[in-house]
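As a basis for the values below, the full set of heavy atoms in this structure was taken, side chains included, without hydrogen atoms, waters or symmetry mates.
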Amino acid sequence: MIVNRRIFTIYSHILILCEQLEVIYLKNSGKVSLKSKVLTILEENRGKSVSGNRIAATLGITRSAVWKGVNQLRNDGYLISAVTNRGYCLTQENDLLNEPSIRTLLRTHDIGRQMDVFRTIDSTNNFAKRLAEIGSANGHTIIAEAQTEGKGRMGRSFHSPSAQGIYISVIVRPPVTLEQASNLTACAAVAVCEAIEDVAGVRCGIKWVNDVYINDKKVCGILTEASMNVEEATLDYAVIGIGINVNNPSFPDDISHKATSIRLEAGGCINRSVLCAELLNRLEERIDTIGDGAFMDLYRARSILDDRDVTIYNNGIGYRAHVLGIDERGRLIIRRSNGSVDRILNGSIEL
Ligand code: BTN
């Protein structure tokens, strides 16, 4: 039994690695796979039929090559209908995350301009950090349908089931001071709230420092990992990792009391590519204005902790406190049980 599980784990790792190598190879060689080219045309015409002849002529390939590309996409899970004399149609319900569908909705200058989308990955943050180390550009975005080792703050894991959530990491290299860089998570939290409200119409709040909540349950976690140039006291790069529970119908028993999804709160499924693109658009807007500090007012206005009694954990030690608010630098202002008032920069909060 244990041996079987081990073989399966090794096999899964090899598959993940192969997919990563394929994506990297195609990117570096400037080649775009046949199915990606076909998908781009179908995505540009989503909901409408496009004839095999037209696709073939546009791409300079044969009709049987188009058919092969369509079949590969179907094997990947895309919902493509075929009607005699009318052609192929990517249905509106199709919800697989893919580069063309996200790209057509982007309004950004850098974020998402370089993008890799994986079916499965260990952790988008880990992959993005490896890319950043070898010099990947500002805005390079990694997205996955599932993560096998999705990670959260304080060594926790992040539940990342396939085709339900959005698991995304963005490499950013903004020209900011280290103090401004420490606000990147806050920027991302505001961007997530704005994107969810825009696309799903449900009000979101922020649980300091990195969680987005709907109706007192967690819908999104953010993990920002950064590399600094210590000598010059500047930011080299940061990887902003965002995990959103979008269309999850339910959660495992151990987290079901504190986790929720947009679907559960809004009462219907959300198109994940649309949400993904809106998130990237908002994230860039917020990071572009990180220097003027205005976003901190937006962040504070969304805090769900104000005037609540909480338990704060720091280095494994917990203590009770009353939250008074968040200051202009993003620090949590608390009153301890002995009456003293403190401003804390990090910690994990339990409601
Ligand atoms: C937390 O809740 O403590 C933060 C969760 C962050 C999860 C995201 S999902 C995308 C990115 N890749 C990871 O491994 N983690 C982040």
Side-chain angles (χ1 to χ4, degrees), residues 105-112 138-139 141 153 166 168-170 172 174-224 226 235 238-246 260 262 265-266 270 274-308 310 323-334 343-349 351:
L105 300 167
L106 282 185
R107 304 187 298 271
T108 56
H109 46 80
D110 282 347
I111 290 188
N138 179 45
T141 299
R153 285 175 76 228
I166 291 176
I168 187 166
S169 297
V170 184
V172 292
V176 294
T177 62
L178 286 185
E179 178 163 351
Q180 287 165 344
S182 69
N183 286 331
L184 282 169
T185 300
C187 266
V190 173
V192 169
C193 291
E194 292 175 333
I196 294 178
E197 285 172 4
D198 197 45
V199 174
V202 276
R203 174 83 187 155
C204 298
I206 297 171
K207 176 169 157 279
W208 186 89
V209 48
N210 68 325
D211 291 336
V212 173
Y213 268 52
I214 302 177
N215 295 329
D216 253 5
K217 283 186 164 186
K218 176 167 168 171
V219 74
C220 163
I222 301 165
L223 175 67
T224 304
L235 177 75
V239 167
I240 305 176
I242 302 173
I244 310 180
N245 305 326
V246 186
T260 191
I262 302 176
E265 300 302 324
I270 299 298
V274 173
L275 179 61
C276 213
E278 195 48 34
L279 169 62
L280 296 177
N281 291 333
R282 299 285 184 156
L283 184 63
E284 188 166 272
E285 277 169 32
R286 291 287 150 238
I287 293 177
D288 280 353
T289 52
I290 195 170
D292 69 19
F295 83 91
M296 191 49 80
D297 292 334
L298 301 173
Y299 180 83
R300 289 195 286 185
R302 290 183 181 276
S303 173
I304 62 162
L305 294 182
D306 289 12
D307 209 23
R308 285 175 87 158
V310 297
V323 177
L324 299 172
I326 294 172
D327 73 7
E328 64 299 335
R329 290 169 62 191
R331 295 175 301 186
L332 193 71
I333 312 169
I334 54 161
R343 289 159 193 255
I344 60 170
L345 258 174
N346 45 46
S348 168
I349 308 289
L351 293 174

Side chain of [X], backbone of [Y]: donor and acceptor closer than 3.5 Å?
| X | Y | result |
| --- | --- | --- |
| S182 | E179 | yes |
| W208 | G325 | no |
| N346 | V209 | no |
| K207 | I349 | yes |
| N210 | L223 | no |
| T177 | Q180 | yes |
| R286 | A188 | no |

Dump the intermediate steps for side-chain contact (heavy atoms from CB on, under 4.5 Å) on V172 and L283, then the final yes or no.
-> CA-CA 11 Å; V172 292; L283 184 63; 5.6 Å; no
Roughly how far, to the nearest 0.5 Å, is [atom2] of [Y] from [atom1] of [X]?
| X | Y | atom1 | atom2 | result |
| --- | --- | --- | --- | --- |
| N245 | K218 | CG | NZ | 8.5 Å |
| I240 | T141 | CD1 | OG1 | 9.5 Å |
| C276 | N281 | SG | CG | 10.5 Å |

Give me the one residue out of I326, L324, D327 that meets side chain to side chain contact (heavy atoms under 4.5 Å, CB included) with R343.
->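 The residue from I326, L324, D327 that satisfies side chain to side chain contact (heavy atoms under 4.5 Å, CB included) with R343 turns out to be D327.
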With the side chain counted from C-beta on, respond yes when V176 and L184 share a heavy-atom pair under 4.5 Å apart, and no when they do not.
-> no
Do L275 and V246 come within less than 4.5 Å of each other through their side chains, counting heavy atoms only?
-> yes
Carefully, step by step, assess R107 and E284 under the rule salt bridge (charged side-chain N to carboxylate O under 4.0 Å, His left out).
-> CA-CA 9 Å; R107 304 187 298 271; E284 188 166 272; over 6 Å; no
Please report the closest heavy-atom contact between G205 and I304, naming both atoms and the distance.
->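 Distance-wise, the nearest heavy atoms are CA-CG2, 3.7 Å.
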Nearest heavy-atom neighbours spanning C220 and I244 |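 Residues C220 and I244, closest heavy atoms: SG-CG1, 4.0 Å.
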side-chain contact (heavy atoms from CB on, under 4.5 Å) between Y299 and N183, intermediate numbers included | CA-CA 10 Å; Y299 180 83; N183 286 331; over 6 Å; no
Going by an N to O cut-off under 4.0 Å, is there a salt bridge joining R302 and E197?
-> yes
